[in-house]
Asks: 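Before anything else, here's the structure in question.
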Number of protein chains: 2
Amino acid sequence: MTGETDNSINEKVNSLLFESGHRYSTVRRRLVSVLRSAGKPLTNSQIVDADDSLVQSSVYRNLNILEEAGAVTRVVTNGEFTRYELAEHITEHHHHIICTSCGDVTDFSLPSTVEKSLHNSLQKAAHKSSFSVQNHRLDALGTCSSCV
Amino acid sequence: MTGETDNSINEKVNSLLFESGHRYSTVRRRLVSVLRSAGKPLTNSQIVDADDSLVQSSVYRNLNILEEAGAVTRVVTNGEFTRYELAEHITEHHHHIICTSCGDVTDFSLPSTVEKSLHNSLQKAAHKSSFSVQNHRLDALGTCSSCV
DNA sequence: CTTCCTGCAAAAGTTTTGCATTAAC
DNA sequence: GTTAATGCAAAACTTTTGCAGGAAG
């Protein structure tokens, strides 16, 4: 899915947690492993379903810690549930196709030329509103093949 | 804010509600009026604050009905609360700058050239994943001038 | 051992719903 | 008059938190 190996991901997450004063515990390793192999943003209950040893409240708690450490990113869709994925500096910059029917999410990337003109336009637009833009979020909304 | 008059907005909302078997009641008119004059997406409590005659549960209920009718759109940010705004075909296509600190949202637009190349790239990317894309959502994430 | 982490259960916060009353047509 | 909409209170659901026991270094 990405060029990153499990080892290099674990090393990065370990550093990030250490820098923020946390341990890379067994539960956190399992969490990262589930997100890594899913390759798309998951809800809390999808994570628990994917690994029965995980407990709902611990997943919520550790996703928050991993987010603060910069290892995972909160992804909001149109649905009721918040989803999480590995942070982009651990994987790579990408966008989401969101199914407005079932809420499922798939990753995709844009040509770098489009990314660049987008970035430039955003800087200009933000400047007008005296916002400082850190990054952007682009989602395609539609219907997935199972929901047609 | 847009070229639309209050009258033309009300006519459109009235049609949309009528087509979906609902009435354009007083509460719904007030709701539309609050969203119209805000010119940016509002949370349920921001709406209630803006018009004391409105009641929390009725606002939730009517926002859902207006959304089903296609008159308003649900806007998800990084914050806890769902926000709503008038649908784009009632106002105009635009994007959001979201303050990751306070959650506030401001509208902005992109040059149509950028919009077009974006649209084309999305179609291509979606095609690969056998998704049918209806529209897109582009948000700039950053810090607003009050939160610096 | 000392500190952090986990799991369970209970709480908090947002959104939805049931029902009797009121408004719209 | 008949049907739909409203307000209140209670419920449902997602997410957070307190605390006692367990794991990690």
Side-chain angles (χ1 to χ4, degrees), chain A residues 10 13-34 41-49 51-69 71-85 102-103 105, chain B residues 10-11 13-35 41-49 51-69 71-85 102-103 105:
Chain A
N10 280 331
V13 175
N14 189 39
S15 303
L16 288 166
L17 283 172
F18 183 76
E19 284 161 23
S20 61
H22 295 285
R23 296 175 184 164
Y24 196 13
S25 68
T26 307
V27 170
R28 288 172 195 159
R29 282 178 189 277
R30 291 187 154 237
L31 221 36
V32 168
S33 167
V34 169
L42 298 181
T43 64
N44 191 292
S45 67
Q46 286 177 321
I47 292 170
V48 172
D49 287 350
D51 183 340
D52 288 342
S53 78
L54 296 173
V55 171
Q56 195 185 36
S57 67
S58 295
V59 171
Y60 274 120
R61 186 147 32 196
N62 284 305
L63 285 173
N64 282 334
I65 288 169
L66 287 166
E67 188 190 20
E68 278 168 36
V72 307
T73 308
R74 180 190 290 255
V75 175
V76 290
T77 63
N78 276 335
E80 310 75 54
F81 297 90
T82 303
R83 288 161 199 265
Y84 283 88
E85 66 183 356
C102 68
V105 183
Chain B
N10 280 329
E11 275 170 32
V13 175
N14 189 39
S15 303
L16 288 166
L17 282 171
F18 184 77
E19 284 160 25
S20 59
H22 294 286
R23 296 172 184 166
Y24 196 14
S25 67
T26 307
V27 169
R28 288 172 195 159
R29 283 177 188 276
R30 292 187 153 236
L31 221 37
V32 168
S33 167
V34 169
L35 292 177
L42 298 181
T43 64
N44 191 293
S45 67
Q46 286 177 321
I47 293 170
V48 172
D49 286 350
D51 183 341
D52 289 343
S53 78
L54 296 172
V55 171
Q56 194 184 37
S57 67
S58 295
V59 171
Y60 274 119
R61 186 145 34 195
N62 284 305
L63 285 173
N64 281 334
I65 288 169
L66 286 166
E67 187 189 21
E68 279 168 35
V72 307
T73 308
R74 179 190 291 254
V75 175
V76 290
T77 63
N78 275 334
E80 310 75 55
F81 296 90
T82 303
R83 287 161 200 265
Y84 283 88
E85 66 183 354
C102 69
V105 183

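Letters go in sequence order (proteins before strands), and every chain restarts at 1.
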Asks: Which nucleotide in the list C:dT15, D:dT15, C:dT6 gets nearest to the side chain of A:Phe81?
Replies: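 That would be D:dT15.
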Asks: Taking side chain as C-beta onward, heavy atoms only, is A:Ile47 less than 4.5 Å from A:Asn44?
Replies: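 No - every pair of side-chain heavy atoms lies 4.5 Å or more apart.
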Asks: Which nucleotide in the list C:dT16, C:dT17, C:dA24 gets nearest to the side chain of B:Arg61?
Replies: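 Nucleotide nearest to B:Arg61's side chain: C:dT17.
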Asks: Which sits closer to the 5' end of DNA chain C, B:Thr26 or A:Val55, going by the nucleotide each is nearest to?
Replies: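 Residue closer to the 5' terminus by nearest nucleotide: A:Val55.
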Asks: So do the side chains of A:Ile65 and A:Arg28 get within less than 4.5 Å of each other, counting heavy atoms only?
Replies: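 With C-beta onward as the side chain, the pair touches.
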Asks: Look at the side chain of B:Ser57 against the base of D:dC8 and say whether a donor-acceptor pair falls under 3.5 Å; ignore hydrogens and angles.
Replies: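 Donor-acceptor pair under 3.5 Å: yes.
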Asks: Respond yes when some side-chain nitrogen or oxygen of B:His22 is under 4.0 Å from OP1 or OP2 of D:dA5, and no when none is.
Replies: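 For D:dA5, OP1/OP2 do have a side-chain N/O of B:His22 under 4.0 Å.
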Asks: Heavy atoms from C-beta onward define the side chain here; which of C:dG7, C:dA24, D:dG7 lies closest to that of B:Val27?
Replies: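 The answer is D:dG7.
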Asks: Just how far, in rounded Å, is P of D:dA5 from CG of B:Asn14?
Replies: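 Nearest whole value for this atom pair: 13 Å.
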Asks: Can you see if the side chain of B:Thr82 gets near the phosphate of C:dT14 - specifically, an N or O under 4.0 Å from OP1 or OP2?
Replies: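 Result: no.
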Asks: Measure CD/B:Gln46 against P/C:dT14 and give the value in whole Å, please.
Replies: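 After rounding, the gap between these two atoms is 13 Å.
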Asks: Looking at D:dT16, I'd like to know if its phosphate oxygens (OP1 or OP2) sit under 4.0 Å from a side-chain N or O belonging to A:Asn64.
Replies: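 Yes, A:Asn64 has a side-chain N/O under 4.0 Å of OP1/OP2 on D:dT16.
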Asks: What nucleotide, of D:dG7, D:dT6, C:dT6, holds the atom closest to the side chain of B:Ser25?
Replies: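 Out of D:dG7, D:dT6, C:dT6, the nucleotide with an atom closest to B:Ser25's side chain is D:dT6.
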Asks: To the nearest Å, give me how far apart CZ (A:Arg29) and P (D:dA23) are.
Replies: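 My rounded result for the distance is 17 Å.
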Asks: Which atoms form the tightest heavy-atom contact between B:Arg30 and B:Ser53, and what is the distance?
Replies: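 Distance-wise, the nearest heavy atoms are NH1-OG, 2.6 Å.
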Asks: For a quick test of reading the model: is some side-chain N or O of A:Arg28 closer than 4.0 Å to OP1 or OP2 of C:dT6?
Replies: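 Answer is yes, contact under 4.0 Å.
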Asks: Starting from C1' on D:dT14, measure out to OH on A:Tyr84 and report it in whole angstrom.
Replies: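 My rounded result for the distance is 12 Å.
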Asks: Please evaluate the base of D:dT3 for a donor-acceptor partner in the side chain of B:Arg23 within a cut-off of under 3.5 Å?
Replies: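 Counting by modelled atom types and ignoring angles, a donor-acceptor contact under 3.5 Å is found here.
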Asks: Would you say D:dT6 has OP1 or OP2 under 4.0 Å from some side-chain N or O of B:Asn62?
Replies: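 Indeed, a polar side-chain atom of B:Asn62 lies that close.
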Asks: If you define the side chain from C-beta out and look only at heavy atoms, does anything of A:Glu68 sit under 4.5 Å from A:Ser20?
Replies: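 Sidechains of A:Ser20 and A:Glu68: no contact.
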Asks: Tell me the interatomic distance from B:Leu63, atom CG, to C:dT15, atom P, rounded to whole angstroms.
Replies: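 Rounding to the nearest Å, CG of B:Leu63 and P of C:dT15 are 10 Å apart.
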Asks: Heavy-atom distance under 4.5 Å between the side chains of A:Tyr24 and A:Val32, does that happen here?
Replies: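 Result yes, sub-4.5 Å side-chain heavy-atom pair found.
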Asks: In whole angstrom, give the distance that lies between atom CD of A:Gln56 and atom P of C:dC5.
Replies: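 So the CD-P distance, A:Gln56 to C:dC5, works out to 20 Å.
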Asks: Would you mind reading off the distance between A:Asp52 atom CG and C:dG7 atom P, rounded to a whole angstrom?
Replies: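 Spelled out: CG on A:Asp52 to P on C:dG7 is 13 Å.
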Asks: Just one of B:Asp51, B:Asn64, B:Leu54 clears the side chain to side chain contact (heavy atoms under 4.5 Å, CB included) bar with B:Val59, so which one?
Replies: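 Checked B:Asp51, B:Asn64, B:Leu54 against B:Val59; only one passes side chain to side chain contact (heavy atoms under 4.5 Å, CB included): B:Leu54.
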Asks: Any side-chain N or O of A:Tyr60 under 4.0 Å from OP1/OP2 of D:dT16?
Replies: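 Answer no for this pair, as no side-chain N or O of A:Tyr60 is under 4.0 Å from OP1 or OP2.
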Asks: To the nearest Å, give me how far apart CD (A:Glu68) and P (C:dC4) are.
Replies: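 Atom-to-atom, A:Glu68 to C:dC4, this comes out as 15 Å.
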